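The block underneath contains the structure these notes are about, expressed in structure tokens.
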Amino acid sequence: MTIDRLWFDPTEWLAGGAWRPASETLPIEDPSTGSEIGALAKGGAAEIDEAVAAAEAARTGDWGRMTAAERGRVLMKIGRIVETRAEDLAILESTDVGKPLKQARADVAALARYMEFYGGAADKVMGDTIPYLDGYTVYTLREPHGATGHIVPWNYPMQIIGRSVGAALAMGNACVLKPAEEASLTALAFARIATEAGLPAGALNVVPGLGEEAGAALSAHPGVRHLSFTGSVPVGRLVQTAAAGNVVPVTLELGGKSPQIVFADADLDAALPFLVNAGIQNAGQTCSASSRILVERPRYAEVVQRMAERYRALRVGRALDDLELGPLISARQKKIVESYLAASDDLTVAARGEIAASAPRGGHYVAPMLLADVRPDHILARDEIFGPAQVVIPFDDEDEAVAIANGTDYGLVASVWSDNGARQMRMAKRVRAGQVFINNYGAGGGVELPFGGVGRSGHGREKGFEALYGFSVLKTVAARHG
């Protein structure tokens, strides 16, 4: 499968079960070459209106009449079809986003697992009975919001669709999905697969387009009862402000500056692959990327040396060549990252990776960089770069490690490397983050693990069973009898 031999037309958008030709289109760019390889539907406020109306209608139609068990079976069937299309989807994601093929394959597996997990969970969301006054029976119900809006970013389209749309559908919501204009192809492919699996018309509607047009219209739409947004802090503010006008809840996942904290008693052989890979995966374009490595001073030089050895072996090239890193998503993103790296003149460059000679000249390539002896207040230690750069910072004791780890505006993910069990628990409590990993980083992806942050990393939780609560409304019923 190649971009010119798709099984769907990317210039179409979906509302109410009908694929409609777009009146305007956007170019599709291959980040590996910088060249235009196709056209994408460009929706706006009018298309969002139709999609929201279709979602509202689905809630009283076939989708709304389905039982939780029936919804779950549809989601699990979607997951099975995703598995049968795994290689096609991986090539599509790799080409569209620019990530190495092996990472795109992992994303396909995650999408299938999300459908399996939420399909199995759909009929297992329970209410409670509450002991109360004599003569009353009191219980709680979990009900869908209604039409939900989902604005997903370009770095992990399949995974974020799985955790966001999958959970919303499991609870019986009807979804309007606005994929990022830089990478919409697997969102459209997913919608085709969902229809093939028997998802009723209007349960999922997809409107590609620009954030300032389609995204803004979805955020402010009075028919949307809940919004899920993953992306940058400035855009997250705009989404939440727009939603506030309609007084609807918002789940925000906005990014991070996540530390890995390495104590002197850590098993470095176990830690090193995580220390490097968690920073350079998808060329560092990951909200939960580990961009700060904090190392207790007795092992600091060793960690820098061993990380540097790994960095020198990193190669950057065309996504489908499946090297360690692919290109950044766009020329704009490359310019942003390079402007940050220009601020490293006063720092020690411990090592750089290499851009492969075979990398096309027009691609958006940046060689990964490891920076040592970085001050905790340096801009590269505080800002989210969203590119392949990591900083290594020394510390002397637990208190200093906590102060450095908590010394940014973000609080998404952290990890602690230590063989001391009491220290592991102390640090897990003291570090300000939505997830803390002990002697690992990411726990293998963790579809089952609630995910989200604090501070400028956002609020609310997706992934795991917790997401089902966020995509539902709690209703209390108090019945007086006798």
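These numbers were taken from a predicted model, which means no experiment stands behind them. Sequential numbering from 1 along the given sequence is applied to the chain's residues.
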**Report entry** Pairing of Arg85 and Asp88 as salt bridge, 4.0 angstrom limit
**Finding:** no
Query raised in the report: With a 4.0 Å cut-off, would you call Glu56 and Arg59 a salt bridge?
Result: no
Query raised in the report: Angle class for the Tyr469/Phe465 ring planes (parallel below 30°, perpendicular above 60°, tilted otherwise)?
Result: perpendicular
Report task. Give the minimum heavy-atom separation between Arg142 and Leu474, together with the two atoms involved. Result -> NE-CD1, 3.8 Å
Query - Heavy-atom pair of closest approach, residues Leu169 and Cys175 - result: CD2-SG, 3.8 Å
Report task. Show your working on side chain to side chain contact (heavy atoms under 4.5 Å, CB included) between Glu116 and Glu83 and close with a plain yes or no. Result -> CA-CA 11 Å; Glu116 178 184 54; Glu83 290 177 328; over 6 Å; no
Requested in this report: State, without any angle test, whether Tyr340 and Asp383 hold a side-chain donor-acceptor pair at a distance under 3.5 Å.
Outcome: yes
Report task. Report the C-alpha distance between Asp107 and Gln159 in whole Å, list the side-chain angles of each, state the deciding distance to 0.1 Å, and finish with yes or no for side-chain hydrogen bond (donor to acceptor under 3.5 Å, both in side chains). Result -> CA-CA 6 Å; Asp107 290 353; Gln159 288 219 35; 2.8 Å; yes
Query raised in the report: So which heavy atom on Leu89 is nearest to which on Ala189, and how close?
Result: CD2-CB, 3.8 Å
Query raised in the report: Once you round to the nearest 0.5 Å, how far does CD of Gln333 lie from CD1 of Ile385?
Result: 11.0 Å
Report task. Go through Asn282 and Gln285 one step at a time and tell me if the side chain to side chain contact (heavy atoms under 4.5 Å, CB included) criterion holds. Result -> CA-CA 5 Å; Asn282 196 24; Gln285 300 168 120; 4.0 Å; yes
**Report entry** side-chain hydrogen bond (donor to acceptor under 3.5 Å, both in side chains) assessment of Ser290 paired with Gln260
**Finding:** CA-CA 7 Å; Ser290 170; Gln260 295 196 63; 3.0 Å; yes
Query raised in the report: Looking at Arg461 and Glu466, does any basic side-chain N land under 4.0 Å from a carboxylate oxygen?
Result: no
**Report entry** Atom of Ala220, atom of Asn246 and distance for their closest heavy-atom approach
**Finding:** O-ND2, 2.9 Å
Requested in this report: Identify whether the distance between the nearest side-chain nitrogen and carboxylate oxygen of Arg332 and Glu182 falls below 4.0 Å.
Outcome: no
**Report entry** Check against salt bridge (charged side-chain N to carboxylate O under 4.0 Å, His left out), Arg113 and Glu448
**Finding:** CA-CA 10 Å; Arg113 172 61 183 140; Glu448 302 85 349; 2.7 Å; yes
Query raised in the report: Which heavy atom of Leu323 sits nearest a heavy atom of Lys102, and at what distance?
Result: O-NZ, 3.0 Å
**Report entry** OG on Ser94 to NZ on Lys99, rounded to 0.5 Å
**Finding:** 9.0 Å
Requested in this report: Kindly indicate, with the supporting measurements, whether the criterion side chain to side chain contact (heavy atoms under 4.5 Å, CB included) is fulfilled by Lys463 and Phe117.
Outcome: CA-CA 10 Å; Lys463 300 177 66 171; Phe117 179 85; over 6 Å; no
Query raised in the report: Can you tell me if NZ on Lys124 sees more than 12 non-hydrogen neighbours from other groups inside 6.0 Å?
Result: yes
Query raised in the report: Are any side-chain N or O atoms of Glu384 and backbone N or O atoms of Gly256, one a donor and one an acceptor, separated by less than 3.5 Å?
Result: yes
**Report entry** Ser457 side-chain N/O to Gly255 backbone N/O, donor-acceptor pair under 3.5 Å
**Finding:** yes
Query raised in the report: Without hydrogens or angle criteria, can the side chains of Ser228 and Thr251 be said to hold a donor-acceptor pair below 3.5 Å?
Result: no
Report task. State whether Arg192 and Glu12 are salt-bridged, where the test is any N-O pair (Lys NZ or Arg NE/NH1/NH2 against Asp/Glu carboxylate O) under 4.0 Å. Result -> yes
**Report entry** Distance, nearest 0.5 Å, that separates CG of Leu92 from CG of Leu6
**Finding:** 6.0 Å
Query raised in the report: When rounded to the nearest 0.5 angstrom, what distance separates CG in Leu199 from CD1 in Ile193?
Result: 12.0 Å
Query raised in the report: Between Trp13 and Phe8, does the ring centre distance come in under 6.0 Å?
Result: no
Query raised in the report: What pair of heavy atoms forms the shortest contact from Arg20 to Ala15, and how long is it?
Result: NH2-O, 3.1 Å
Query raised in the report: Any cation-pi pair here, Lys257 with Tyr410, using under 6.0 Å and within 45°?
Result: no
Query raised in the report: Do His150 and Ile161 pass the side chain to side chain contact (heavy atoms under 4.5 Å, CB included) test, and can you show the C-alpha distance, the side-chain angles, and the key distance before you say yes or no?
Result: CA-CA 8 Å; His150 304 259; Ile161 288 169; over 6 Å; no
Query raised in the report: Ion pair present between Arg163 and Glu462, side-chain N to carboxylate O less than 4.0 angstrom?
Result: yes
Query raised in the report: When rounded to the nearest 0.5 angstrom, what distance separates CG in Leu325 from CD1 in Ile280?
Result: 4.5 Å
Requested in this report: Keeping to residues at least two apart or across chains, list the ring-ring contact (aromatic ring centres under 6.0 Å, His included) pairs with something in residues 184-228.
Outcome: His145-His226, His226-Phe471
Requested in this report: First locate atom OG of Ser415, then atom CZ of Phe437, and finally report the distance between them rounded to the nearest 0.5 Å.
Outcome: 8.5 Å
Query raised in the report: Can you find a side-chain donor-acceptor pair between Gln281 and Thr286 that sits under 3.5 Å?
Result: no
Query - Residues Lys77, Glu196: salt bridge by 4.0 Å N-O rule - result: no
Query raised in the report: Would you say Arg65's side chain and Thr60's backbone share a donor-acceptor pair under 3.5 angstrom?
Result: yes
Query raised in the report: Under 3.5 Å, is there a donor-acceptor pair linking the side chains of Tyr156 and Glu93?
Result: no
Requested in this report: Identify, with sequence neighbours excluded, every residue that meets side chain to side chain donor-acceptor pair (under 3.5 Å) alongside Asp409.
Outcome: none
